[in-house]
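Structure, as structure tokens:
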Amino acid sequence: MPRLTAFFGGPRLYVKRDDLTGLAFGGNKTRKLEFLMADARAQGARTVLTTGAIQSNHCRQTAAAAARLGYECVLILAGEAPDRATGNVLLDRLFGAKIVWVEHSERDRALKRAYSDALAEGKQPYLVPYGGSSPIGAAGYALALQELLDQGLRPDWIVFASSSGGTQAGLVAGGRLLGYSGQILGISVDEAAPVLQARIADLAGQTIRLLGTPVDFQAEAMQVNADYIGAGYGVAADPEREALELFGSLEGLALDPVYTGRAAAGMIDLVRKGFFRKEEVVLFWHTGGGPALFADRYQDFLQDPLA
Ligand SMILES: *Cc1c(COP(=O)(O)O)cnc(C)c1O
């Protein structure tokens with residue numbers, strides 16, 4: 001990102017475009033679903049079920065993957081059915097998913113009920129884990145790191161949005177397998193650092209074991225920065241707005257208000273504080289999320305000028 005690099009006067013900023021992973025407007029869940037859907041197929045699934053927030057990118061990409069493979073898709077979304085389907089919800093519908101709206105606290109129960117209903121109907125249900133973050137899903141990000149290194153860049157830092165932890169766990173597992181010595185820094189979008197670190201260490205351990213190398217990871221060794229959570233999940237404010245405007249106006253890159261906007265805002269703050277050395281290579285891993293830009297719930301935020 002040469003213009004963004006020049007704007008800050010270093011470090012050397014790069015971007016990995018997982019907003020271009022190719023399935024239904026892209027995003028990081030595609031890399032996880034590549035392996036999760038293979039697992040579903042191996043188990044003879046005919047229905048896939050998963051759950052997420054209203055504007056879940058994971059649910060949208062799961063719905064699209066299911067459509068590609070000819071499976072039914074049931075999405076348990078936490079919240080009230082909006083008057084108009086916009087953003088990811090609109091896409092969920094277009095991809096033919098059946099949406100069940102429930103209160104957040106009812107989510108797991110509703111998922112179990114939908115699972116047993118599908119089972120009773122002989123539809124061979126397959127539960128796609130929350131955020132696609134199981135060892136099978138996270139394995140997609142171990143391979144993603146291989147892909148990055150094969151592209152010839154060995155960044156000193158990889159910075160990205162971290163939430164259910166599968167992306168970070170996969171990168172950490174891949175980093176160990178491939179002898180990558182750079183830093184893998186997740187910017188938490190919603191979780192306190194110790195919680196997320198423990199989850200990532202556990203999942204990275206399971207993932208690397210799945211890939212044939214038993215290694216235990218320590219939670220404290222997982223790099224998570226939770227300083228940019230602000231008012232919580234999906235509540236975007238001035239830092240996200242500035243990140244969207246800088247990436248947009250200097251690089252023609254679209255970020256989203258929930259994940260990449262927050263991670264980029266964190267990275268920008270760290271750049272300003274001199275956290276990175278000027279000559280270091282810092283790679284921003286773009287994890288997708290663009291459809292949320294067109295969701296009703298973020299229009300007020302997006303229309304507001306920068307304060
Ligand atoms: C799900 C998601 C993330 C977080 O990835 P995890 O593997 O759940 O930590 C980041 N960015 C976007 C756009 C996402 O949809």
Side-chain angles (χ1 to χ4, degrees), residues 15-21 23-36 50-65 75 87-88 91-92 128-145 158-174 184-191 193 195-204 206-207 222-226 228-229 233-234 236 240 243-244 247 253-267 284-295 298:
V15 63
K16 174 76 170 156
R17 302 287 308 277
D18 275 7
D19 55 327
L20 302 178
T21 44
L23 178 73
F25 297 101
N28 61 343
K29 304 312 178 306
T30 305
R31 290 193 189 268
K32 303 175 180 183
L33 286 163
E34 180 177 359
F35 295 95
L36 290 164
T50 198
T51 182
I54 297 185
Q55 281 293 330
S56 166
N57 300 302
H58 163 66
C59 288
R60 177 245 312 164
Q61 287 171 85
T62 301
L75 302 176
N88 282 303
L91 294 168
D92 295 341
V128 180
Y130 185 74
S133 289
S134 64
I136 290 175
Y141 265 89
L143 274 92
L145 186 70
I158 297 175
V159 181
F160 54 95
S162 202
S163 176
S164 69
T167 302
Q168 188 156 358
L171 291 173
V172 165
I184 296 167
L185 173 62
I187 306 289
S188 174
V189 303
D190 51 3
E191 202 81 82
V195 177
L196 191 50
Q197 285 173 300
R199 188 186 298 158
I200 292 162
D202 181 50
L203 186 52
Q206 293 182 52
T207 305
M222 304 295 105
Q223 299 207 54
V224 170
N225 183 320
Y228 303 100
I229 292 172
Y233 178 83
E240 286 83 9
L244 263 67
F247 273 65
L253 283 171
L255 301 177
D256 79 288
V258 182
Y259 294 96
T260 55
R262 180 157 290 175
M267 184 182 77
F284 182 76
W285 204 305
H286 193 320
T287 47
L293 284 173
F294 307 102
Y298 297 116

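Whatever order the structure lists them in is the order used to number ligands and atoms, beginning at 1. Here the structure is a predicted model, which means the values were calculated and not measured.
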Review point. Would you find a donor on one side and an acceptor on the other, under 3.5 Å apart, between the side chain of Thr207 and the backbone of Ala139?
Key: no
Exercise for review: Provide the full list of side chain to side chain donor-acceptor pair (under 3.5 Å) pairs with a residue in residues 162-173, sequence neighbours left out, each pair given once.
Suggested key: Asn28-Thr167, Ser133-Ser164, Ser162-Gln168, Ser163-Asp190
Quick check for students: name every N or O atom pair between ligand 1 and the protein closer than 3.5 Å, with distances.
unit_1	atom_1	unit_2	atom_2	d
ligand 1	5 (O)	Asn28	ND2	3.0
ligand 1	5 (O)	Thr167	OG1	3.4
ligand 1	7 (O)	Lys32	NZ	2.6
ligand 1	7 (O)	Gly166	N	3.3
ligand 1	7 (O)	Thr167	N	2.9
ligand 1	7 (O)	Thr167	OG1	2.7
ligand 1	8 (O)	Ser164	N	3.0
ligand 1	8 (O)	Ser164	OG	2.5
ligand 1	9 (O)	Ser163	N	2.7
ligand 1	9 (O)	Ser164	N	3.2
ligand 1	9 (O)	Gly165	N	2.9
ligand 1	11 (N)	Thr287	OG1	2.6
ligand 1	15 (O)	Lys29	NZ	2.9
ligand 1	15 (O)	Asn57	ND2	3.0

Check your understanding: Of all heavy-atom pairs between Leu145 and Leu171, which one has the smallest distance, and what is that distance?
Key -> CD2-O, 3.8 Å
Review point. Of all heavy-atom pairs between Gly52 and Tyr130, which one has the smallest distance, and what is that distance?
Key: CA-CE1, 4.1 Å
Check your understanding: In chain order, what residues pass the side chain to side chain contact (heavy atoms under 4.5 Å, CB included) check against Ala144, with sequence neighbours excluded?
Key -> Arg31, Tyr141, Trp285
Practice item. Using side chain to side chain contact (heavy atoms under 4.5 Å, CB included) as the criterion, list what pairs up with Ala243, not counting sequence neighbours. Key: Leu255, Ala264, Ala265, Ile268
